[in-house]
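To start, the structure itself, in structure tokens.
Reckoned from all heavy atoms, side chains included, excluding hydrogens, waters and symmetry mates. Remember, predicted model here, so these are calculated numbers, not experimental data. For this chain, numbers begin at 1 and follow the sequence in order.
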Amino acid sequence: MNSLLQGLSSCPSFIRWLEEFTAQYRTEQSKPQEHQHLSVTLLQLLRALSCQEVTEDDVLDASCLLEVLRMNRWQISSFEEQDAHELFHVLTSSLEDERDRQPRVTHLFDVHSLESPVRFDTFDSLSLSIPAAVWGRPMTLDHCLHHFISSESVKDVVCDNCTKIQAEGILNGQSIENQRTTFVKQLKLGKLPQCLCIHLQRLSWSNQGTPLKRHEHVQFNEFLVMDIYKYRVPVQKSSHKTPEETPGTKDGTAVKPPGTLPIKYISAPLYLYRLMAVVVHHGDMHSGHFVTYRRSPSPRGALAVPGQWLWVSDDSVRRASLQEVLAASAYLLFYERVHGRAPQRGPEE
């Protein structure tokens, strides 16, 4: 739980949303009743971890959060380790349940992950599978994202429109069989959030059916450009015009960026994200320990230290370099959208 709270407290946009959401309780509820609301309890913990609120105790006690979750009918033990991604989903789904009781409040994860003619699906985190490694090539976060949006052919699908067209060409009203065709299925991101949580799936299965953890390193950068993963409504183009160029495309076709983004690729992205925290799991699928790399918080009124990172493991805290952060075997990545241009530098600087 500590590793997840540390990661969330490093995301200012998430804290701002909680502040706006809990503003309604300041007039409706008295202070002794505030801890009945998950949003209020979570906000107080995150504000303390981000040094926005002064606490009297040297050690921050998060047991109040467990109590509120149990009030929401979640059975969470205080003595067993919780999976960080599962706990993240518990928090976000509980916040959504609380929000549903207040329909005037803006949706926390007002984003769409599935583009299709019939529906949009929402998500609270991007859960990415790790593709099979290619010998001699490092695995990168871009590879995982490209794998996520890669198209898939679905054969032998009944096509109502094809059947209708075929029927129009037959006289005497004769009935025909349903026409079948091959559809192309592809996932794209319809709307991107301000705070983006990426989950790297490290669970795999052996031939005997036992769970295994994937330990390979997935390279990621301090800045992440999401333009090429964003869905865009197709535009009808004249035959006399060249295809519209968009970030991450060539001749209107998506292309894969290399491991390190070129300068022209990051010159003016529309969806630029900055790394705020990394949650790492040490151990195997049966036991282990979560630690967090996060940006150093600054008390109100104090000058922030640019680029300062912290390594947090329960009550142990030390400084960390960006190089150490980028070398970590990430399980959860917290990115926050920024506006403007990214510094034109590589991850090694």
Side-chain angles (χ1 to χ4, degrees), residues 1-19 21-22 34-72 74-98 108-109 124-125 193-199 275-283 288-300 308-320 325 328 330-336:
M1 174 175 287
N2 178 58
S3 60
L4 178 61
L5 293 177
Q6 291 286 352
L8 291 174
S9 66
S10 65
C11 301
S13 62
F14 184 75
I15 296 178
R16 285 195 299 269
W17 183 88
L18 284 174
E19 290 174 339
F21 180 80
T22 57
E34 285 183 346
H35 282 295
Q36 296 179 3
H37 302 289
L38 172 63
S39 57
V40 175
T41 305
L42 183 59
L43 175 60
Q44 291 177 349
L45 290 172
L46 297 186
R47 286 175 59 88
L49 290 173
S50 59
C51 297
Q52 297 182 27
E53 190 171 285
V54 179
T55 59
E56 298 179 356
D57 300 325
D58 295 333
V59 178
L60 190 62
D61 185 7
S63 60
C64 55
L65 183 61
L66 290 176
E67 294 175 3
V68 176
L69 290 175
R70 289 167 185 152
M71 291 174 59
N72 284 268
W74 290 103
Q75 299 299 323
I76 300 179
S77 172
S78 306
F79 306 100
E80 296 179 0
E81 182 186 60
Q82 309 297 325
D83 180 82
H85 183 243
E86 291 180 359
L87 185 58
F88 175 78
H89 178 69
V90 167
L91 290 176
T92 55
S93 60
S94 298
L95 286 172
E96 287 302 284
D97 290 341
E98 184 178 338
L108 171 59
F109 292 102
D124 56 10
S125 63
Q194 186 70 22
C195 180
L196 177 63
C197 175
I198 296 178
H199 165 233
L275 184 66
M276 304 304 294
V278 181
V279 176
V280 181
H281 179 260
H282 297 288
H289 180 64
F290 286 99
V291 300
T292 301
Y293 291 97
R294 58 159 298 172
R295 291 189 180 274
S296 177
S298 298
R300 286 195 170 183
Q308 179 61 64
W309 284 84
L310 299 177
W311 174 88
V312 183
S313 175
D314 292 337
D315 58 351
S316 299
V317 181
R318 63 169 174 82
R319 292 184 179 181
V325 175
Y331 180 63
L332 293 179
L333 295 165
F334 288 93
Y335 281 92
E336 184 143 305

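In this structure, L310 CG and S316 OG are separated by 12.5 Å, a value rounded to the nearest 0.5 Å. We find the NE2-NE2 distance between H199 and H85 to be 5.0 Å, quoted to the nearest 0.5 Å. Summarising the geometry, atom CG belonging to N2 is positioned 8.0 Å from atom NE2 belonging to H289; distances are rounded to the nearest 0.5 Å. Between the SG atom in C64 and the CG atom in L38 there is a gap of 10.0 Å [rounded to 0.5 Å]. To the nearest 0.5 Å, atom CZ of residue F290 and atom NE2 of residue H282 are 10.5 Å apart. Rounded to the nearest 0.5 Å, atoms CG (L8) and CZ (F88) are 6.0 Å apart.
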Q | S94 vs L69, side-chain contact (heavy atoms from CB on, under 4.5 Å): CA-CA, chis, key distance, verdict | A | CA-CA 8 Å; S94 298; L69 290 175; 4.2 Å; yes

Q: Apply side-chain contact (heavy atoms from CB on, under 4.5 Å) to the pair L332 and T292, showing each step before the final yes or no.
A: CA-CA 9 Å; L332 293 179; T292 301; over 6 Å; no

**Q.** Verdict with supporting geometry, F21 and E98, side-chain contact (heavy atoms from CB on, under 4.5 Å)
**A.** CA-CA 10 Å; F21 180 80; E98 184 178 338; 3.1 Å; yes

Q) L49 and R294: side-chain contact (heavy atoms from CB on, under 4.5 Å), yes or no, with the steps? A) CA-CA 11 Å; L49 290 173; R294 58 159 298 172; 4.3 Å; yes

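Within the 3.5 Å criterion, the main-chain N or O of S13 finds a donor-acceptor partner in the side chain of E336. Side chain of R295 to backbone of L275: a donor-acceptor contact under 3.5 angstrom is found. Using modelled atom types, one side-chain atom of T41 and one backbone atom of H37 make a donor-acceptor pair closer than 3.5 Å.
Partners of Y293 under the side-chain hydrogen bond (donor to acceptor under 3.5 Å, both in side chains) rule, at least two apart in sequence or in another chain, are E324.
In this structure, F334 has its ring center no closer than 6.0 Å to that of F14.
Test V68, T22, L91 against S39 for side chain to side chain contact (heavy atoms under 4.5 Å, CB included) and you get one pass: T22.
Between Y331 and H281, the ring planes are tilted. Angles from 30° to 60° get that label.
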